Protein chains: 2
Amino acid sequence: MSNNLNFVAKLRNSGLRPTKQRIKICEILFGGKETFHFSINDLSKIVAQKTNEKISLATIYNTVHAFLGKGYLKQIAVNSEQSYYDTNVSDHHHFYDEDKSQLIDIHDCEVEPVKINKKIPGKKIKSIEVLVKVQNN
Amino acid sequence: MSNNLNFVAKLRNSGLRPTKQRIKICEILFGGKETFHFSINDLSKIVAQKTNEKISLATIYNTVHAFLGKGYLKQIAVNSEQSYYDTNVSDHHHFYDEDKSQLIDIHDCEVEPVKINKKIPGKKIKSIEVLVKVQNN
DNA sequence: TTATTACTTTAGAATAGTTATAATCTAAGC
DNA sequence: GCTTAGATTATAACTATTCTAAAGTAATAA
């Protein structure tokens with residue numbers, strides 16, 4: 001399938017050889033129609049479910065970090081306990097459901113652009129991240 | 001000094017006995033004119049500087065967590081490597097200087113209020129956090 | 001193809017931040 | 001001053017992440 005070529009390109013572009021394990025990871029991350037949010041732990045479990053052989057954590061970390069570096073994945077700071085990643089790398093923000101420990105996209109059109117009337121001399125803005133924490137009412 | 005009474009009250013209100021160690025922590029956190037941002041590691045070092053005897057990490061964690069629970073401190077998610085805390089618990093946002101690994105307050109008046117045109121059924125908003133990452137230009 | 005080489009995978013060791021434990025100590029109330 | 005419930009401490013345990021080194025595999029050249 002043409003997806004596979006896509007995966008290989010992504011890997012090559014990230015400086016990684018297209019190995020069996022990495023292609024499997026690509027399938028999970030970029031193969032679906034929907035973008036999704038995951039922790040390394042989540043990804044590791046999904047890999048284990050969809051594959052008989054498990055992929056070692058080291059490989060998962062390495063691959064995710066390489067994709068992060070190339071902008072194929074985005075890291076989301078929610079709390080300090082775990083890293084969350086997002087396959088949707090476009091500008092957008094998130095709800096964080098504290099009861100379910102789950103991220104939900106807020107598309108860019110659903111938020112007014114954030115305006116900051118303050119500058120730091122000698123610094124440029126790299127990103128603006130909005131995190132809306134929600135809980136059951 | 002009257003500050004000391006204040007510290008004792010804060011501790012009592014957080015369900016903690018006012019011990020020597022905890023009062024020392026209070027002095028550092030709430031004794032200055034300025035609010036400040038810190039990691040547990042930072043706090044531990046400051047304690048060591050300002051005191052001859054060191055306070056154990058366990059005590060520092062316990063006290064910080066109790067203050068967090070009572071809203072005397074605020075936790076700020078920057079990245080997954082370390083927890084950052086803020087003695088300024090009023091509504092406000094932050095710059096994060098990636099080169100210096102340092103947080104800088106954005107006062108509420110320096111940002112237009114963030115408007116989100118999306119609701120999650122059955123959930124209420126607990127907080128809206130804006131983090132503006134900056135780097136040297 | 002096959003051989004060679006450089007990069008990968010993997011399990012498990014190492015590390016860092018955080019939490020739990022159990023013995024010793026201390027604030028609070030009598 | 002006692003008594004006791006709760007605190008402090010050093011250290012062990014735990015969890016997420018990174019490192020390591022041996023064995024395996026993709027890429028390249030012959």
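These figures come from a predicted structure and were not determined experimentally.
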Please enumerate all protein N or O atoms sitting under 3.5 Å from an N or O of nucleotides 21-23 of chain D, with distances to 0.1 Å.
none

Whole angstroms only, please: what is the [atom1]-[atom2] distance between [X] and [N]?
X     : N      : atom1 : atom2 : result
A/I55 : C/dT10 : CD1   : P     : 6 Å
B/N62 : C/dT18 : CG    : C1'   : 11 Å
B/D42 : C/dT18 : CG    : P     : 11 Å
A/I60 : C/dT10 : CD1   : P     : 9 Å
B/R12 : D/dA5  : CZ    : P     : 18 Å

Problem - Residues B/K133, B/D97: salt bridge by 4.0 Å N-O rule - result: no
Practice task
Sort out for me which residue in B/N88, B/D42, B/D86 forms a side-chain hydrogen bond (donor to acceptor under 3.5 Å, both in side chains) with B/H37.
Solution key: B/D86
Exercise for the section: Using distance alone, with no hydrogens and no angle criterion, decide if B/N136 and A/K123 have a side-chain donor and acceptor under 3.5 Å apart. Expected result: yes
Problem - Ring centre gap for B/F30 and B/F67 strictly below 6.0 Å - result: yes
Problem - Interface with DNA chain C, restricted to residues 17-24 of chain B and to heavy atoms under 4.0 Å - result: B/R17, B/P18
Exercise for the section: Quick one: sort the B/H92 and B/H94 rings into parallel, tilted or perpendicular, breaks at 30° and 60°. Expected result: perpendicular
Problem - 5' priority, DNA chain D, between B/T59 and A/N41 [closest heavy atom] - result: B/T59
Exercise for the section: Can you figure out which of D/dA10, D/dA16, C/dA11 approaches the side chain of B/A58 most closely? Expected result: D/dA10
Practice task
Output the single nucleotide from C/dT8, D/dT9, D/dA7 whose closest atom is nearest the side chain of B/L16.
Solution key: D/dA7
Fill in the blank from the handout: Closest heavy-atom pair, B/D105 versus B/E110, reported as atoms and distance to 0.1 Å, is O-OE1, 4.4 Å
Practice task
Give a yes/no on whether any side-chain N or O of A/H65 is located under 4.0 angstrom from OP1 or OP2 of D/dT18.
Solution key: yes
Practice task
Respond yes when some side-chain nitrogen or oxygen of A/Y61 is under 4.0 Å from OP1 or OP2 of D/dT18, and no when none is.
Solution key: no
Exercise for the section: Report the residue from B/N13, B/L11, B/L29 that forms a side-chain contact (heavy atoms from CB on, under 4.5 Å) with B/Y72. Expected result: B/N13
Practice task
Flag yes if more than 12 heavy atoms outside B/K20 fall under 6.0 Å of its NZ atom; otherwise flag no.
Solution key: no
Handout entry: A/S44 side-chain N/O to A/I40 backbone N/O, donor-acceptor pair under 3.5 Å
Key = no
Practice task
Please tell me which of A/T63 and B/L57 maps to the more 5' nucleotide of DNA chain C, matching each residue to the nucleotide holding its nearest heavy atom.
Solution key: A/T63
